[in-house]
Amino acid sequence: MNKIVIAIDGYSGCGKSSTAKAVAKDLGYTYIDTGAMYRAATLHFLNNYLSPANPHDVEKALKTLDISFHLNPESQLQETYLNGLHVDDEIRTMRVTSKVSEIAAVPAVRKDLVAQQQRLAKKKGVVMDGRDVGSVVFPEAELKIFMSANLNTRAERRQAELLEKGEMVPLEDIKSNLAERDRIDSTRSEGPLIKVADAIEIDTSHITFAEQVGQIVQKAREIIEKESSYAGKH
Ligand code: DC
């Protein structure tokens, strides 16, 4: 069977990561969370008191930035490491979340992380989620999904997620953070969040998690089959 690249882009908090993870598991593909990479880069800036507005600081940050993913053999979950430390919990706190769009808007940061993402997906058989995967990282991806959901639904889901981790954040704060991130992510000059013409849009406001995963997996299987039978004939 031929392997494909599946790009899942969309607004903050509409369930891209959990959907991408489930799709990857179903297909036996590797999941790559590009948002985790921007979050880890943000934590690196914060921990080292580096300013994204200062070009020397940006250069220093990128020189000392080492992000990697490792599969935890016990939980079978993919974990994010920043300079050798497991950072999955820390990169999803509000401290990092409220800064990440600012760091992700720095062109040199994007250039560095996009190159790393392209290397990670070279062998195909990956599901990658983010904002610019279908437009910049993998414009040749065989399947492109654009996920959306209304702001209220997204905020409620994010609040429940944070609460599960012991962080109680008022709904209004989450809503304004999501709206602000949408604004910065959609209007930045480099790799803005856009729905490319060949992406399939899925609005997750009123469908279940299983439905959204099922729709993507079905579409992916159709493409994989088509690609494989074409390869067999040529
Ligand atoms: O998907 P997420 O919420 O974990 O992403 C965190 C931030 O990273 C998001 O506000 C925008 C940025 N991001 C980006 O600019 N490009 C990507 N490919 C992925 C995330």
Side-chain angles (χ1 to χ4, degrees), residues 5-21 23-24 31-46 52 58 61 65 67 69 78-80 82 87-121 126-139 141 144-149 151 153-155 157-162 165 167 169 173-196 199 204:
V5 172
I6 302 172
I8 303 182
D9 292 302
Y11 294 102
S12 296
C14 48
K16 291 186 304 294
S17 303
S18 34
T19 304
K21 228 178 267 176
V23 170
Y31 164 58
I32 300 165
D33 181 350
T34 65
M37 297 170 77
Y38 287 97
R39 287 172 179 275
T42 303
L43 181 61
H44 189 59
F45 272 85
L46 289 170
V58 173
L65 179 68
I67 302 169
F69 294 114
Q78 189 171 259
E79 297 177 336
T80 314
L82 166 64
V87 290
D88 275 298
D89 287 336
E90 215 176 339
I91 60 174
R92 293 187 178 82
T93 57
M94 281 307 268
R95 173 177 170 246
V96 170
T97 302
S98 57
K99 269 273 178 199
V100 62
S101 279
E102 199 186 318
I103 305 290
V106 178
V109 172
R110 298 204 73 77
K111 198 167 164 234
D112 197 271
L113 295 192
V114 165
Q116 195 175 337
Q117 289 152 13
Q118 287 170 336
R119 281 196 298 275
L120 286 171
V126 300
V127 184
M128 196 180 265
D129 83 310
R131 305 294 185 290
D132 60 343
V133 181
S135 57
V136 175
V137 183
F138 255 91
K144 298 179 188 176
I145 304 290
F146 187 86
M147 282 177 62
S148 62
L151 185 61
T153 309
R154 292 191 277 144
R157 287 178 189 161
R158 192 42 61 94
Q159 189 184 44
E161 259 171 41
L162 286 166
K165 290 181 195 139
E167 202 177 351
V169 184
D173 290 4
I174 297 178
K175 269 169 92 170
S176 59
N177 170 267
L178 286 174
E180 180 62 3
R181 282 205 285 149
D182 288 349
R183 189 189 66 74
I184 302 177
D185 294 344
S186 311
T187 56
R188 67 175 168 236
S189 60
E190 201 92 356
L193 169 65
I194 47 160
K195 177 183 172 288
V196 288
T204 69

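Since the structure is predicted, the reported quantities are computational estimates derived from the model, not experimental observations. Counting starts at 1 for both ligands and their atoms, following the listed order. Just the heavy atoms: all of them, side chains too, but no hydrogens, waters or symmetry mates, feed the values below.
Side-chain contact check for Y31 and D129: at least one donor-acceptor pair (N or O, by modelled atom type) lies under 3.5 Å. For R131 and S12, the side-chain atoms include at least one donor-acceptor pair closer than 3.5 Å.
For atom 10 (O) of ligand 1, the nearest non-hydrogen atom of the protein is R181 NH1, 2.9 Å. Counting protein heavy atoms only, atom 9 (C) of ligand 1 is closest to R131 NH2, 3.2 Å.
Taking distance alone, with nitrogen or oxygen atoms compared against 3.5 Å, R158 stays at or beyond that limit from ligand 1. Looking at R39 next to ligand 1, an N or O pair under 3.5 Å apart turns up. Taking only nitrogen or oxygen atoms, main chain and side chain alike, S17 does not reach within less than 3.5 Å of ligand 1. Residue D33 places no N or O, backbone or side chain, under 3.5 Å from any N or O of ligand 1. Considering backbone and side-chain N/O of R188, one or more are found under 3.5 Å from N/O of ligand 1.
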**OP:** Evaluate the criterion salt bridge (charged side-chain N to carboxylate O under 4.0 Å, His left out) for residue pair R158 and D173; output intermediate values, then yes/no.
**Re:** CA-CA 11 Å; R158 192 42 61 94; D173 290 4; over 6 Å; no
**OP:** With side-chain contact (heavy atoms from CB on, under 4.5 Å) as the test, would you mind laying out the steps for I103 and Y38 before giving the verdict?
**Re:** CA-CA 7 Å; I103 305 290; Y38 287 97; 5.9 Å; no
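Contact record, V106 with P52: CG2-CB, 3.8 Å, taken as the closest heavy-atom pair.
Taking each of V100, I184, D185, V133 in turn, the one with a heavy atom nearest to atom 11 (C) of ligand 1 proves to be D185.
No more than 12 heavy atoms of other residues, nucleotides or ligands sit less than 6.0 Å from atom NZ of K99.
The closest side-chain heavy-atom distance from L193 to D132 is not below 4.5 Å.
Atoms of ligand 1 lying under 4.0 Å from at least one heavy atom of A104, given by number and element, are 12 (C), 15 (O). Taking every non-hydrogen atom of T34 and a distance limit under 4.0 Å, the qualifying atoms of ligand 1 come out as 17 (C), 18 (N), 19 (C). Residue S101 has at least one heavy-atom neighbour below 4.0 Å for each of these atoms of ligand 1: 10 (O).
Under a 4.0 angstrom heavy-atom cut-off, R110 registers as being in contact with ligand 1.
A salt bridge links D185 to R188: one of the charged nitrogens lies within less than 4.0 Å of a carboxylate oxygen.
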